[in-house]
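A short worksheet on the structure shown next.
Here is the naming used below: chain letters follow the sequence lines, and residue numbers restart at 1 for every chain. This structure is a prediction, so every number in the text was calculated from the model and none was measured.
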Amino acid sequence: MDIIKGIKGVKDILPEETPRWRLIEDAARRWALCYGYQEIRIPIFELTALFARSIGATTDIVEKEMYTFPDRDGTSLTLRPEGTAGTVRAFIEHNRAADPLPQKHFYLGPMFRHERPQAGRLRQFHQFGAESFGTSDPRADIEVIALLWRLLSDLTLPGLTLEINSLGSSGDRAAYKPILLAFLKLQESHLCANCRRRMDTNPLRALDCKVPDCRVATESAPRLTDHLSPEARVHFDQVLAGLTAIGIPYRLNPRLVRGLDYYCLTSFEITSTHLGAQNAVGAGGRYDGLVEALGGPSVPAVGFAVGLERVSLMLPETSSSSNNECLYYVAAFGEKGTQLGLVLLDELRRIGLSAQCDYRATTLKAHLRQADRSACRYAILLGDDEATRGSIILRNLASKAQEELPLAGLSHLLKARTTSV
RNA sequence: GUGGGUGUAGCUCAGCUGGUUAGAGCGCCGGAUUGUGGAUCCGGAGGUCGCGGGUUCGAAACCCGUCACUCACCCCA
């Protein structure tokens with residue numbers, strides 16, 4: 001019979017890897033809480049219409065990357081391809097705008113996109129994201145970027161660069177588009193087929209095309225940042241000044257155009273030289289119109305998302321080991337020893353001392369080998385000799401020092417010792 | 001969706017221009033040590049050579065197809 005295998009692009013995170021994931025997730029939670037963001041847990045699937053309306057009907061995500069399926073009554077549902085849409089939906093649905101506190105949320109969990117897998121890209125992948133609602137002040141942009149930057153720096157990820165741009169207001173982009181389009185028309189013969197198509201759909205995307213000829217052709221293109229309204233210009237300058245004030249280095253990238261429709265004004269991306277072709281670790285921006293577009297009140301917002309697989313790929317080995325450790329190995333063998341060992345093991349665990357045993361082992365030698373492998377601190381030797389004496393031998397596996405202790409009340413004695421240290 | 005690379009033991013990989021019983025290292029189990037782990041030595045288990053077809057006296061190797069994995073494009077975290 002054929003074995004059933006996992007789905008393409010969907011990976012198991014095995015026990016050897018979970019400590020590094022916990023390290024990442026714990027750091028993300030810690031930093032988010034530290035910045036005053038509260039965890040929100042939103043569903044893994046939503047009505048398809050939510051994503052179509054928020055992300056943009058003509059984006060690749062919506063056009064060809066969503067896991068969409070009909071519910072039993074025919075309603076179209078979709079596994080979430082990102083977290084902002086659901087967070088905004090929840091924000092509107094529960095009328096959070098009425099809450100006087102600043103609404104700052106973070107989330108952590110799996111996302112789904114039907115793409116061809118490659119290094120740093122999976123069909124089920126994990127994101128940590130933060131969303132700040134209700135504040136149009138540039139300090140909110142700075143705060144969000146700082147949270148992202150401090151988190152990634154804390155994890156000591158190598159080769160990080162913060163790139164930043166302003167997309168202006170929707171009005172700015174509307175005014176800029178014909179100017180850009182006129183320029184692209186002149187260069188049309190030098191552009192790739194893709195970019196020629198983009199001239200009709202989303203001309204801004206031609207600016208961050210990776211085809212070398214296109215880069216050359218658009219080198220002297222008019223810049224969106226030169227066509228910002230005074231308000232957008234001030235906002236952008238304040239964000240940059242704030243980043244400088246708190247010591248976060250950035251690089252202006254006038255070509256940085258985010259793929260999702262809902263972004264406006266500040267747009268940023270953190271890349272690393274230590275990833276493969278997918279070098280973006282985290283990215284985000286401001287999306288002032290989204291809440292209203294989804295039927296809520298007019299509420300400004302800014303946020304980001306980090307790809308946790310990409311963080312994991314970059315995480316230095318040194319920071320993630322030394323976990324999963326167990327304190328006691330109960331080496332119970334022989335007829336009476338085995339019986340007493342079963343009880344002792346349970347007593348240790350009930351009192352909160354981690355303990356394990358390999359039930360397959362029948363000899364002391366086999367037990368000690370397992371104790372060594374499982375990296376326990378101590379082995380408790382309990383054979384028939386000890387059983388008749390009513391004692392055990394406590395062996396320090398590192399120093400090999402042994403001492404005989406009474407079996408009665410052993411778990412309390414050991415508990416008292418570990419807490420007094 | 002498009003292109004390249006790779007599929008041999010649990011893992012990492014050898015395997016010559018086709019040649020007889022398919023190999024190594026690591027890991028695993030056992031023994032040397034009848035109640036003391038890691039080191040050493042000895043022994044053992046473990047393989048539909050991704051799958052299907054073809055060429056051939058003979059295929060892990062050559063040809064065709066197919067699937068999987070992987071990297072890259074598109075795009076994105």
Give a yes/no answer on whether the side chain of [X] brings an N or O atom under 4.0 Å of OP1 or OP2 in [N].
X: A:Arg369; N: B:G30; value: yes
X: A:Gln402; N: B:U36; value: no
X: A:Arg116; N: B:C76; value: no
X: A:Arg395; N: B:G35; value: no
X: A:Gln278; N: B:C73; value: yes
X: A:Lys8; N: B:C69; value: yes
X: A:Lys64; N: B:C76; value: no

Point to revise | A:Asn396 side chain to A:Ala398 backbone, donor-acceptor under 3.5 Å | key: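 Answer holds: yes.
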**Study point:** With A:Tyr37, the side-chain hydrogen bond (donor to acceptor under 3.5 Å, both in side chains) member among A:Gln103, A:Arg29, A:Glu143
**Key:** A:Glu143
Point to revise | Beyond-backbone contact of A:Leu394 with A:Arg417, side-chain heavy atoms, under 4.5 angstrom | key: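 Counting from C-beta outward, A:Leu394 and A:Arg417 do come under 4.5 Å.
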Between [M] and [N], how far apart are the [atom1] atoms? Round to whole Å, please.
N: B:C64; M: B:U6; atom1: P; value: 14 Å
N: B:U56; M: B:U17; atom1: C1'; value: 16 Å
N: B:G30; M: B:G35; atom1: P; value: 15 Å
N: B:U8; M: B:G31; atom1: P; value: 33 Å
N: B:A22; M: B:G1; atom1: P; value: 40 Å
N: B:G5; M: B:C62; atom1: P; value: 14 Å

Check your understanding: For the side chain of A:Glu386 and the base of B:G35, is some donor closer than 3.5 Å to an acceptor across the two?
Key -> yes
Check your understanding: Looking only at N and O atoms, is any donor in the side chain of A:Arg310 or the base of B:C76 less than 3.5 Å from an acceptor on the other one?
Key ->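 Per atom types, the contact qualifies.
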Point to revise | Considering all heavy atoms, the nearest A:Pro300-A:Ser136 contact | key: CG-N, 3.7 Å
My understanding is that a pair needs two contacts under 3.5 Å, Watson-Crick or G-U wobble. By that rule, which nucleotide pairs with [N]?
N: B:A32; answer: B:U40
N: B:G10; answer: B:C26
N: B:G65; answer: B:C51
N: B:G3; answer: B:C71

Practice item. For A:Phe125 and B:A77, say yes or no: do the ring centres fall under 5.5 Å of each other while the ring planes differ by less than 30°? Key: yes
Practice item. Can you establish whether the number of heavy atoms outside A:Arg389 located under 6.0 Å from its atom CZ is more than 12? Key: yes
Check your understanding: Counting side-chain heavy atoms from CB outward, which of B:G37, B:G35, B:A77 is closest to A:Ala283?
Key -> B:A77
